[in-house]
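We use all heavy atoms of the structure for the numbers below, so side chains are in, but hydrogens, waters and symmetry mates are not. Quantities reported herein were computed from a predicted structural model and do not represent experimental measurements. Chain A is the first sequence line, chain B the second, and so forth, proteins listed ahead of strands; every chain is numbered from 1.
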Number of protein chains: 2
Amino acid sequence: MDFTQLETLLAVAEEKGFSRAAARLHRTQPAVSQTIHKLEGDLGELLFDRSSREANLTTAGEVLCDYARRLLKLRSEAGSAIQEIRNLERGRLQLAANEYTCLYLLRVLDRFQRICPQIGITVHRSLASKIPEEVLERTVEIGILSFHPEGEHLRTIAVYTDELALVVSPRHPLARARRVTIEDLGAENFIAHNVPSPLRRQVIAAFAKHKTPLNMGVELPSLEAIKRCVSLGNGVALVPGLTVEQEIASGELVRVPVEALRFERHIRLVHRKRAPLSHAAAAFLQVVRDLAGDAGEPYEFRVERSV
Amino acid sequence: MDFTQLETLLAVAEEKGFSRAAARLHRTQPAVSQTIHKLEGDLGELLFDRSSREANLTTAGEVLCDYARRLLKLRSEAGSAIQEIRNLERGRLQLAANEYTCLYLLRVLDRFQRICPQIGITVHRSLASKIPEEVLERTVEIGILSFHPEGEHLRTIAVYTDELALVVSPRHPLARARRVTIEDLGAENFIAHNVPSPLRRQVIAAFAKHKTPLNMGVELPSLEAIKRCVSLGNGVALVPGLTVEQEIASGELVRVPVEALRFERHIRLVHRKRAPLSHAAAAFLQVVRDLAGDAGEPYEFRVERSV
DNA sequence: GGATTGGATAAGTAAATATTATAGTACCGG
DNA sequence: CCGGTACTATAATATTTACTTATCCAATCC
């Protein structure tokens, strides 16, 4: 029992004749006869009473017509559902981000949702170091990272350039200083993120280069905790600009520019290079690309080579 | 999109691999690859991500799998439904009978319903003369008649031999008579059915043969009315035995045997000779045949030749 | 980095499904 | 009642579709 047979059945039933059905199906009459004959053979039941001029359904034929209509309708729905996926009227995008890269994501999501309101989004909150494997294992389709992951199978796209910001409490002496050099920071208590990162090493190197002591008296596990700690006047911290935009705007924290501590941090999207991109993911990437075009710096869309 | 493709899709999805799916489907791996490839081409969408060792569904693939399961389930239900018709677990039998032949039908129906409890029955109440055309026009599948209809396309089966009964009221003088001859009826008022029938002519001929006057003072349109009329003592009537069995048993009417008025009436089934018999109709005929075998006279099952 | 597993591709073959041609059967009108 | 018309079945043939074998290529495992 295949769809062609069912379509033929319905055509014959509705046209009340094999010849007319053949015309409707753009097929010859013997083709229709054979199709129905084969279907009858498969089922072991006659479907039509051909004894009179017009073909009439038997009981079995009537019952099967009923199913045929339902089956063909369902098949057509299936086709539409696939169309909907292509048209971004259906689907879900699985993303992975960490505490920090989430902040970038928020800026894109808003725009994405306006363009693809029907696409659901799931953001998996992960540790940065776990994100590449989540992408490789297909738990998520796109990861958002602040480092360039290794791996032949990943495609990395730099999408945002963030600058580290040295932040202090508004009541801190440095908050009112005209010009601050790295040497001025030797006496300060640095509050650090307790995860190893390339950035951390760069900072240590910068202080070493200027022969300035670096006091990392407090190490905290979250950016939220670091910001709160600085805000209470317990030290200074070097954090990604994105994470403190809000607090600087509200005056809760003050950013202190230091020439020797200008570090950039690139936010990247990663996805499996060889896997076919879902339409939802492709649309997401397009939104990111458009954002770079419309909003300009610090947004960008720069595919990086694999390492 | 055909069922083979959908089955293949599910096999690959469930086995997470083309080769394993091929084994399950008793087909070779290239066949599976080609089937999926063609399906993808038809839909314009990739269904699997083959980039890793195991095949993973894309969004479109997942959606289609969902539909595939529903479609295959529905097809299997359709197959079962056809089976049910064959097994007499589903169906409806359309019969045509008139006031009189209905009485025969009642005796068969009881037995039929015990054997085929799932088969619905619709009895079309028709005028006897209209029944053959109802059968020919397929309004009903089997007609029940008391005469032998003409027509090359009808098959006629005599199933019951009924005898006409002369009935009178229990208070009528003939009710107590020892032996009644046709001549004794010359003074009686005959209540007749006002439809012309071969039988009516036979009765008139019998009276003429015995040179007995026949007074048909009252003509009524239904057997029910005739019986009531006789029961009230307004005359005598010659009616089919089947129609008065109840009343004779209850004593409401009395049957008076008259040698010269022994007329037989055959009840027949008719159906289209060339049309395929439904399983329900075939079962019905079998019940009628069995009844003839089990119950014996007056039941029978005698196919008559077409005229 | 070679071995292994799994999928794609190409060419040839088998099977299914179409077509043309023709014969047979119901129904209609003179 | 009989020939014309309308319709379906069947046979022979052609075409398309789907499967198999053989081989290649990519990813993963050890």
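Residues of residues 13-21 of chain A that place a heavy atom closer than 4.0 Å to DNA chain D, in numerical order, are A:Gly17, A:Phe18, A:Ser19, A:Arg20. In the region residues 31-49 of chain B, proximity to DNA chain C at under 4.0 angstrom, judged on heavy atoms, holds for B:Ser33, B:Gln34.
Pairing each heavy atom of B:Leu277 with each of B:Ala282, the nearest pair is CD1-CA, 4.2 Å. Nearest heavy-atom pair across A:Ile131 and A:Gly143 is CG2-CA, 3.7 Å. Considering every non-hydrogen atom in both A:Thr59 and B:Gly91, the closest pair reads CG2-CA, 4.4 Å.
Partners of B:Phe112 according to the ring pair (Phe, Tyr, Trp, His ring centres under 6.0 Å) rule, which considers only residues two or more places apart in sequence or in another chain, are B:Phe284. Residues satisfying the side-chain hydrogen bond (donor to acceptor under 3.5 Å, both in side chains) test with B:Ser33, not counting sequence neighbours, are B:Gln29. Applying the ring pair (Phe, Tyr, Trp, His ring centres under 6.0 Å) test to A:Tyr104 and every residue at least two apart in sequence or in another chain returns A:Tyr160. B:Gln5 pairs by the side-chain hydrogen bond (donor to acceptor under 3.5 Å, both in side chains) definition with nothing, not counting sequence neighbours.
Once you apply a 4.0 Å limit to the heavy atoms of chain A, the touched nucleotides of DNA chain D run 5' to 3' over D:dT5 to D:dT28.
Between A:Glu77 and B:Arg70 the shortest side-chain heavy-atom distance falls below 4.5 Å. Between B:Val12 and B:Leu47, every side-chain heavy-atom pair lies at or beyond the 4.5 Å cut-off. Residues B:Glu99 and B:Arg125 have side chains in contact (heavy-atom distance under 4.5 Å, counting atoms from C-beta outward).
Salt bridge status for B:Arg75 with B:Glu7: present, with a side-chain N to carboxylate O gap under 4.0 Å. Ion pairing between A:Glu14 and A:Arg69 holds under the 4.0 Å rule for side-chain N and carboxylate O. Comment: B:Glu54 does not engage B:Arg20 in a salt bridge, judged by the lack of any side-chain N to carboxylate O separation of less than 4.0 angstrom.
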Go through it in stages, so that I can follow the logic: the residues are B:Met1 and B:Leu43, the test is side-chain contact (heavy atoms from CB on, under 4.5 Å), and I'd like the CA-CA distance, side-chain angles, deciding distance and then a yes or no. CA-CA 8 Å; B:Met1 195 194 303; B:Leu43 295 169; 3.9 Å; yes
I'd like a list of close polar pairs between nucleotides 21-23 of chain C and the protein, N/O only, cut-off under 3.5 Å.
none

Close N or O pairs between protein and nucleotides 27-29 of chain C (under 3.5 Å):
unit_1: C:dC27; atom_1: O4'; unit_2: A:Arg53; atom_2: NH1; d: 3.1

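Rounded to whole angstrom, the span from the CG atom of B:Leu136 across to the P atom of C:dA26 amounts to 13 Å. Across the protein-nucleic acid pair, B:Arg24 atom CZ and C:dG6 atom P stand 16 Å apart, rounded to whole Å. Protein atom CG of B:Leu154 is 14 Å distant from nucleotide atom P of C:dA26, rounded to whole Å.
For the OP1/OP2 pair of C:dG6 and a distance below 4.0 Å, the side-chain nitrogens and oxygens of B:Arg50 include no atom meeting the criterion.
Listed by first and then second residue, the ring pair (Phe, Tyr, Trp, His ring centres under 6.0 Å) pairs that reach into residues 1-51 of chain A are A:Phe3-B:Phe3, A:Phe18-A:Phe48, sequence neighbours excluded. Screening residues 270-292 of chain A for side-chain hydrogen bond (donor to acceptor under 3.5 Å, both in side chains) gives A:Glu141-A:Ser278, A:His153-A:Arg274, A:Arg155-A:His271, A:Arg272-B:Ser51, A:Lys273-A:Ser306, A:His279-B:Glu45, A:Gln286-A:Asp290 as the qualifying pairs, with residues at least two apart or on separate chains.
Summary of helix geometry: the two end axes of the helix from C:dG1-D:dC30 to C:dG30-D:dC1, each defined by five base pairs via their C1' atoms, are inclined to each other by 30° (rounded to 10°).
Toward the 5' end of DNA chain D, the nearer of the two residues B:His26 and A:Arg274, judged by each one's closest nucleotide, is B:His26. Mapping A:Thr4 and B:Glu54 onto DNA chain C by nearest heavy atom places B:Glu54 closer to the 5' end of the strand.
No side-chain donor from either of A:Arg27 and A:Thr35 sits under 3.5 Å from a side-chain acceptor of the other.
Residue A:His266 forms a side-chain contact (heavy atoms from CB on, under 4.5 Å) with just one option from A:Ile157, A:Thr161, A:Val159, and that option is A:Thr161.
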